[in-house]
Participant: 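Sharing a structure with you now.
We count residues from 1, following the sequence as given. What you are looking at is a predicted structure, and each value in this text was computed from that prediction instead of being measured.
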Amino acid sequence: MTPKILLIDDDHELSQLVIDYLTLDGFHLDRAADGPAGLQLAQSGQYQLILLDVMLPGLDGLSLLRQLRQSSYCPVLMLTARGDDIDRIVGLELGADDYLAKPFNPRELSARVRAILRRVELAQQPAAPQQHNLLELNNVQLNRQNRQVHCAGSPVVLTATEFQLLDYLMSHAGSVITKEDLSKEVLGRTLQLYDRSLDVHISNIRKKLSVADAGEKIQTLRGSGYLFLEQA
């Protein structure tokens with residue numbers, strides 16, 4: 001089945017370039033040129049991925065994402081202005097799966113799209129027979145079979161990217177996982193200089209877990225990486 005992607009961007013020339021390239025790459029794209037129309041289509045549930053520009057008429061991309069996350073966890077790749085770190089960080093905090101700065105190479109866009117769709121596919125697949133379906137550590141329960149997470153008995157809603165990150169960290173609990181390894185294994189790309197996406201994703205997971213249990217779960221070791229604590 002051809003993946004359906006929704007592009008929400010008011011730049012007609014860039015949008016046509018993206019549509020032409022990704023269509024040749026095997027994707028089906030629809031486009032909305034403003035925020036309200038984009039939100040309506042995004043909430044329809046018919047898309048596997050949303051490419052979302054930050055600067056939009058009628059409703060900006062960050063506000064659109066905030067409203068979308070109230071009812072949908074469809075993966076979102078934010079398109080931001082180069083050097084606009086605040087928009088990128090806020091987008092990730094609101095639940096975006098990744099970001100790409102304009103102007104971008106269409107090949108890089110296609111690679112990011114495929115990496116996100118691959119994470120979603122992994123998150124929807126049942127665990128392999130040799131894997132343990134249930135991970136229980138430090139008051140956190142992660143079920144690979146139904147893709148649910150509980151902390152101190154309370155449900156924790158994670159995006160596909162957050163789930164895969166938590167799964168990887170819990171699977172290697174007690175060991176320091178470098179940012180380079182985590183980026184390659186989960187995000188599917190080499191860690192880039194000044195890339196804050198992992199930091200923000202991990203921060204989001206921490207916040208969601210802390211709502212149910214104040215105990216520390218994920219430790220950051222500056223210059224080394226992340227460590228999931230087996231016990232608080």
Side-chain angles (χ1 to χ4, degrees), residues 1-8 18-30 42 45-53 65 68-69 72-80 88 91-92 94-101 104-133 135 142-149 156-172 177-192 195-202 204-205 208 225-226 228:
M1 182 181 296
T2 302
K4 293 187 67 176
I5 296 174
L6 174 62
L7 171 63
I8 308 176
V18 169
I19 291 170
D20 290 345
Y21 190 90
L22 291 183
T23 298
L24 287 174
D25 219 18
F27 300 102
H28 171 87
L29 274 87
D30 292 331
Q46 60 178 311
Y47 298 99
Q48 282 72 58
L49 176 68
I50 298 168
L51 302 177
L52 178 61
D53 187 28
L65 179 59
L68 179 65
R69 282 293 177 256
S72 169
Y73 275 86
C74 178
V76 172
L77 173 60
M78 299 290 297
L79 305 177
T80 69
R88 298 176 192 178
L92 292 170
L94 291 173
D97 292 78
D98 206 349
Y99 62 79
L100 193 59
F104 48 76
N105 187 312
R107 289 186 179 181
E108 175 68 10
L109 174 63
S110 181
R112 295 288 183 99
V113 166
R114 292 188 182 281
I116 293 174
L117 292 176
R118 202 157 43 239
R119 291 199 295 272
V120 173
E121 184 179 2
L122 285 172
Q124 293 173 344
Q125 289 178 353
Q130 67 271 21
Q131 286 184 314
H132 295 294
N133 287 338
L135 293 176
L142 183 146
N143 191 321
R144 293 189 176 119
Q145 195 67 37
N146 58 21
R147 299 294 159 178
Q148 292 184 356
V149 174
V156 178
V157 180
L158 301 177
T159 66
T161 300
E162 291 166 354
F163 184 93
Q164 293 301 119
L165 284 169
L166 181 60
D167 188 343
Y168 195 87
L169 288 172
M170 290 183 68
S171 298
H172 298 80
I177 308 299
T178 66
K179 290 184 178 182
E180 289 78 8
D181 286 343
L182 201 55
S183 182
K184 188 179 299 182
E185 295 297 327
V186 180
L187 299 186
R189 68 170 190 268
T190 302
L191 186 67
Q192 299 176 355
D195 189 344
R196 292 286 312 281
S197 54
L198 272 177
D199 297 322
V200 180
H201 284 312
I202 295 297
N204 287 345
I205 297 171
K208 292 179 179 182
Y226 302 104
F228 188 92

Participant: May I ask you to decide whether E180 forms a salt bridge with K184, counting only side-chain N to carboxylate O separations under 4.0 Å?
Facilitator: no
Participant: Heavy atoms, side chains only, cut-off 4.5 Å: are Q48 and V120 in contact?
Facilitator: no
Participant: Which residues satisfy the side chain to side chain contact (heavy atoms under 4.5 Å, CB included) test with E185, sequence neighbours excluded?
Facilitator: Y168
Participant: How would you list, by chain and number, every residue that makes a ring pair (Phe, Tyr, Trp, His ring centres under 6.0 Å) with H28, sequence neighbours excluded?
Facilitator: none
Participant: Nearest 0.5 angstrom please: I50 CD1 to L79 CG, how far?
Facilitator: 11.5 Å
Participant: Would the distance check show the side chain of T23 and the main-chain N or O of I19 forming a donor-acceptor pair, the cut-off being under 3.5 Å?
Facilitator: yes
Participant: Quick check for you: to the nearest 0.5 Å, what is the distance between S171 atom OG and L135 atom CG?
Facilitator: 5.0 Å
Participant: Which heavy atom in H201 sits nearest to a heavy atom in D97, and how many Å separate them?
Facilitator: NE2-O, 3.1 Å
Participant: So which of D167, L166, L165 actually passes side-chain contact (heavy atoms from CB on, under 4.5 Å) with L158?
Facilitator: L166
Participant: May I ask you to test the F27-V18 pair for a side-chain heavy-atom distance under 4.5 Å?
Facilitator: no
Participant: Do V186 and R119 come within less than 4.5 Å of each other through their side chains, counting heavy atoms only?
Facilitator: yes
Participant: My understanding is that only one of L7, L6, L77, L65 makes a side-chain contact (heavy atoms from CB on, under 4.5 Å) with L52; could you say which?
Facilitator: L65
Participant: To the nearest 0.5 angstrom, please state how far the CZ atom of R88 sits from the CZ atom of R196.
Facilitator: 11.5 Å
Participant: Decide yes or no for T161 and I116: does some side-chain heavy atom of the first lie under 4.5 Å from some side-chain heavy atom of the second?
Facilitator: no
Participant: Are L100 and L51 side-chain neighbours, meaning at least one heavy-atom pair lies under 4.5 Å?
Facilitator: no
Participant: List for me each residue that meets salt bridge (Lys or Arg N to Asp or Glu O under 4.0 Å) alongside R189, sequence neighbours excluded, and say none if there are none.
Facilitator: D98, D195
Participant: Start with the C-alpha gap between N204 and V200, add the side-chain angles, then the distance that decides, and say whether side chain to side chain contact (heavy atoms under 4.5 Å, CB included) holds.
Facilitator: CA-CA 6 Å; N204 287 345; V200 180; 4.1 Å; yes
Participant: Restricting to non-hydrogen atoms, name the atom on L92 and the atom on S197 that form the minimum distance, rounded to 0.1 Å.
Facilitator: CD1-CA, 3.4 Å
Participant: Would you name the heavy atoms of D25 and R114 that are closest together and state the gap between them?
Facilitator: O-NH2, 2.7 Å
Participant: Using side-chain heavy atoms (C-beta onward) and a distance below 4.5 Å, is T190 in contact with S183?
Facilitator: no
Participant: Does the side chain of D199 come within less than 4.5 Å of Y226's, by heavy atoms?
Facilitator: yes
